[in-house]
Novice: 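Just passing along the structure, written as structure tokens.
Counting convention: from 1, in listed order, for ligands and their atoms alike. Scope of the values below: all heavy atoms of this structure, side chains included, with no hydrogens, waters or symmetry mates.
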Amino acid sequence: MSLEVTDIPDLQLLEEAKKVAAFRAVDENFDGKRHRVVGIGSGSTVVYVAQRIGEYQASEEYKGKVEFICIPTGFQSQELIISNGLRLGSIEEYPVVDIAFDGADEVDEELQLIKGGGGCLLREKLVSSSTKEFVVVADFRKKSPKYLGTNWTKGVPIEVVPVAYARVLADIRAMSTCVRAEVRQGGVSKAGPVVTDNNNFIIDADFGQIQDPRKLHQDLKMLVGVVETGLFIDNASKAYFGAADGSIEVSL
Ligand code: ABF
């Protein structure tokens, strides 16, 4: 689909919304004296998180005195960490993270999330489960009016081991709330399944409005071959939503 000239101002506003959310989230939550190990998530909003933390690292206050260690959730965030002059660490070296910032596909009123639209859900969940504070940064479109599954129709990403994909797909399609489920296509060759950083496949499953995300997550995790789901339950401590007019909404 080609972009119309009239779409460009909206895209710029959306970008501004992501930037204000990310900058505000870092400014209000990141404390370089306490937060030495920092999780940096994936997606387009977290780009501005890495930029802001890079600015802190380069500031008079921290330059040459303190080095933040940044833990990535995938290849893109690894590149972000490096390109912003930050020190790259790994979750194997630092299994306890002080604070982490990441985007989301949907956020409900209880701060339960759908993540994994970018395909990094396992590592994102590993980092978000290993951190003391998990701050979500997003634009206004990601806030669900009430239930997850309301805003977007992509559904819940589910990471599965390749050999089990057909079995898991059949099990998910047999669930009473499943509207549809497909293996995500468009990997490197564009003709086959997307392969994650962990060499797994992703199934995108649409369950319509999700009234009990915890139960759905548990049911999915019970299926043999499911490695992780994109339902992030009780992980987030705060969410920052940037609006097109530059204002911010914070959910606690
Ligand atoms: C990652 O990036 C994913 O979990 C989520 O799917 C996505 C959000 O991206 P963006 O910030 O581009 O909306 O955090």
Novice: Taking the basic N atoms (NZ, or NE/NH1/NH2) and the acidic carboxylate oxygens, is any pair closer than 4.0 Å for K146 and D108?
Specialist: no
Novice: Which heavy-atom pair separates G39 from V127 by the least distance, and what is that distance?
Specialist: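 Looking at all heavy atoms of both residues, the shortest contact is CA-CG1, 4.0 Å.
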Novice: Can you give the donor-acceptor pairs under 3.5 Å from side chains of residues 116-123 to other protein atoms, not counting sequence neighbours?
Specialist:
unit_1	atom_1	unit_2	atom_2	d
R123	NE	N198	OD1	2.9
R123	NH2	D197	O	3.3
R123	NH2	N198	OD1	3.0

Novice: Report the residues that fulfil side-chain hydrogen bond (donor to acceptor under 3.5 Å, both in side chains) with K33, sequence neighbours left out, ordered by chain and then residue number.
Specialist: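 side-chain hydrogen bond (donor to acceptor under 3.5 Å, both in side chains) list for K33, sorted by chain: E61.
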Novice: Could you grab the distance from atom CG of D234 to atom CG of L111, nearest 0.5 Å is fine?
Specialist: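 The CG atom of L111 is 9.5 Å from CG of D234, to the nearest 0.5 Å.
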Novice: With sequence neighbours excluded, what pairs up with E15 under the salt bridge (charged side-chain N to carboxylate O under 4.0 Å, His left out) test?
Specialist: none
Novice: For ligand 1, list all ligand N or O to protein N or O distances below 3.5 Å, rounded to 0.1 Å.
Specialist:
unit_1	atom_1	unit_2	atom_2	d
ligand 1	2 (O)	S42	O	3.1
ligand 1	4 (O)	K115	NZ	2.9
ligand 1	4 (O)	G116	N	2.9
ligand 1	4 (O)	E124	OE1	2.6
ligand 1	4 (O)	E124	OE2	3.2
ligand 1	6 (O)	D105	OD1	2.7
ligand 1	6 (O)	D105	OD2	2.7
ligand 1	6 (O)	G116	N	3.4
ligand 1	6 (O)	G117	N	2.8
ligand 1	6 (O)	G118	N	3.4
ligand 1	11 (O)	S44	N	3.4
ligand 1	11 (O)	T45	N	3.0
ligand 1	11 (O)	T45	OG1	2.6
ligand 1	12 (O)	S44	N	2.7
ligand 1	12 (O)	S44	OG	2.4
ligand 1	13 (O)	K142	NZ	2.4
ligand 1	14 (O)	S42	O	2.8
ligand 1	14 (O)	D102	OD1	2.9
ligand 1	14 (O)	G103	O	3.4
ligand 1	14 (O)	K115	NZ	3.0
ligand 1	14 (O)	E124	OE2	3.4

